[in-house]
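The structure under discussion appears below in the form of structure tokens.
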Amino acid sequence: MSIRAAQYVRMSTEHQQYSTENQADVLREYAAKRGMEIIRTFADSGKSGLRLDGRDALKELIAVVQSGKADFAAILVYDVSRWGRFQDADESAYYEYICKRAGIQVVYCAEQFENDGSPVSTIVKGVKRAMAGEYSRELSAKVFKGQCKLIEHGYRQGGTAGYGLRRMLVDQNGEPKAQLTLGEQKSLQTDRVVLVPGPPEELTVVREIYRKFLEDRRNEREIADDLNRGSILAERGGTWSRATVHQVLTNEKYIGNNVYNRVSFKLKRKRVRNTPEMWVRCDGAFDAIVEPAQFYTAQGILLERHRRLSNDELLERLRALHEKFGRLSGILISETEEMPSPAVYRHRFGSLVRAYELIGYTPDRDYGFIEINRALRQMHPKLVAETIASLEALGARIERDPNTDLLAINREFTASLVLSRCHRSESGEFRWLVRLDESLRPDITIVVRMDASNEAALDYYLLPALDVRSPKLRLQEENGIYLDAFRFDNLDYFLGMAEHAEVAA
């Protein structure tokens, strides 16, 4: 009687030559020689082996094994690396042990050892697991080094161009080929992307922002208000905000510098903000839009504004703000240009209430929560309008329900936009509570996670109704692959879904 077996195959994005089909061929040949019958297949296509998150097939396989209802006695895997390239070799061993404990053997068909529990196989497996993890670390280092080399040669590595700039596709000799539109990517591996100045009218706006900031001494919010009153659209057709003006004033690409590695997210680990000495840069990579002297003068003004204040200086500013308005709240602190953010007070004193107590202010009640929600309600229609403008700029047809703000896009799918307030837990971690309107049932819900100050968007979650059915979600800074697979830094991917492409007859 043949042994019933399941096969697990995985193809990772960094190791495409081992396709799931080729693995399956080897497993079938192995099974035929050993008198086994493959009755089930678990396949993770295009999935990294660094973590269990995102590998739905392996998770399903483990769940079947743990349920005690598995109808197979063996699991066939191509080799140790296909089981996983876990950075902790013990994690790989743990998932295999779950199968062994259930009486199901894991067989590595392409390895030169028998996984029979002998001392030799145990030692070899341990080495192979360590080698699999080390391969990912070495590959990550090689890829990072290659990206750094491209940055040092003046080539752009991902991200939108920014207001006043455009992405230009160049060939391997540096000759311009075409200007890339929003969401468009290069098709040839030898092609590269550089930044070039955008339309003259946008260049004029960028230089005017610097003039107002340096000569007129206007802050970012006042400049944004001026631009909006003049009906000047920001990037992707949206309205200007304090954050978008601040980005223009602080990004070195406006003086032609190419800067990379400000944030690290290697080997699927937590994002880390790197210190300036870790940044990779190429100065003078692109044509400058503003004079370096203007840019660095602006940085000096901003640095002075945000220099590290002592506890006494923080409390003195808080006391002056209270004397001016007769009250205090998180929103009031955030909206006052000269004040540090509420997060600074929470970090330094434990909470805003504690900072209030130190200056002798005791509010009758905490209005901060109410004011934040009021500000978000005022922000919501603006973000919806900006999203509509960006969609329409790409040629999409939008129908907006005036009562619910539900968007019908090209009469193909619906979308709803939800703002999620950021709050800090007692342990100091940031949290977001998301409430979805079950009565709307949009095809896609755009969840905008607000930053720590609740003034600007931190990131976006595009949640499909088919995959996310709970009306309430509690988000942390990191939420695992199930949710973070839907996380994006901007709405470019969503906009690309709505963009119509011409199809040749």
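For reference, positions follow the sequence shown, starting with 1. Since the model is a prediction, treat every value here as computed from it, not as a measurement.
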> So does R229 have more than 12 non-hydrogen atoms from other groups sitting under 6.0 Å from CZ?
Replying inline: yes

> Are L358 and R354 side-chain neighbours, meaning at least one heavy-atom pair lies under 4.5 Å?
Replying inline: yes

>> Parallel, tilted or perpendicular, judged at 30° and 60°: which one describes the rings of F430 and W432?
In response: tilted

> Below 4.5 Å, heavy atoms only, C-beta onward: do V280 and V259 meet side chain to side chain?
Replying inline: no

> How far does CG of L473 sit from CG of N479, to the nearest 0.5 angstrom?
Replying inline: 9.0 Å

> Taking atom types as modelled and ignoring hydrogens, do the side chains of D489 and Y460 form a donor-acceptor contact shorter than 3.5 angstrom?
Replying inline: no

>> Under a 3.5 Å distance rule, please check whether E455 uses its side chain to pair with a backbone N or O of D451 as donor and acceptor.
In response: no

>> Taking CG in D287 as the centre, count heavy atoms belonging to other residues, nucleotides or ligands within less than 6.0 Å. Is the count above 12?
In response: no

> Any side-chain heavy-atom pair from Q172 and R192 closer than 4.5 angstrom?
Replying inline: no

> For R348 and N311, what are the C-alpha separation, side-chain angles and deciding distance, and is it a side chain to side chain donor-acceptor pair (under 3.5 Å)?
Replying inline: CA-CA 7 Å; R348 200 73 70 83; N311 287 359; 2.7 Å; yes

> Do T239 and N228 meet the criterion of a side-chain donor-acceptor pair at a distance under 3.5 Å?
Replying inline: no

> Passes side-chain contact (heavy atoms from CB on, under 4.5 Å), T244 versus V248? Steps please.
Replying inline: CA-CA 7 Å; T244 52; V248 172; over 6 Å; no

> Going by heavy atoms in the side chains, are M168 and L195 under 4.5 Å from each other?
Replying inline: no

> Taking all atoms of both residues into account, what is the closest heavy-atom pair of F213 and I301, and its distance?
Replying inline: CZ-CG2, 3.8 Å

> CG/L417 to CD/E386 distance, rounded to the nearest 0.5 angstrom?
Replying inline: 10.0 Å

> Just checking, any donor-acceptor pair under 3.5 angstrom between side chains of D312 and S310?
Replying inline: no

>> Check the orientation of H322 and Y361. Use parallel for under 30°, tilted for 30 to 60°, and perpendicular for over 60°.
In response: tilted

>> Has N258 got a side-chain atom pairing as donor or acceptor with Y155's backbone, closer than 3.5 angstrom?
In response: yes

>> Counting neighbours of CD on E291 that are heavy atoms of other residues, nucleotides or ligands and sit closer than 6.0 Å, is the number greater than 12?
In response: no

> Can E222 and R242 be counted as an ion pair, charged N to O under 4.0 angstrom?
Replying inline: no

> Hey, is OH on Y493 packed in by over 12 heavy atoms from elsewhere, all under 6.0 Å?
Replying inline: no

> Does a side-chain N-to-carboxylate-O contact under 4.0 Å join K177 and D171?
Replying inline: no

> Out of curiosity, I446 CD1 to L463 CG, how far, rounded to the nearest 0.5 Å?
Replying inline: 10.0 Å

>> Testing the 3.5 Å rule here: is there a donor-acceptor pair between the side chains of D484 and Y461?
In response: yes

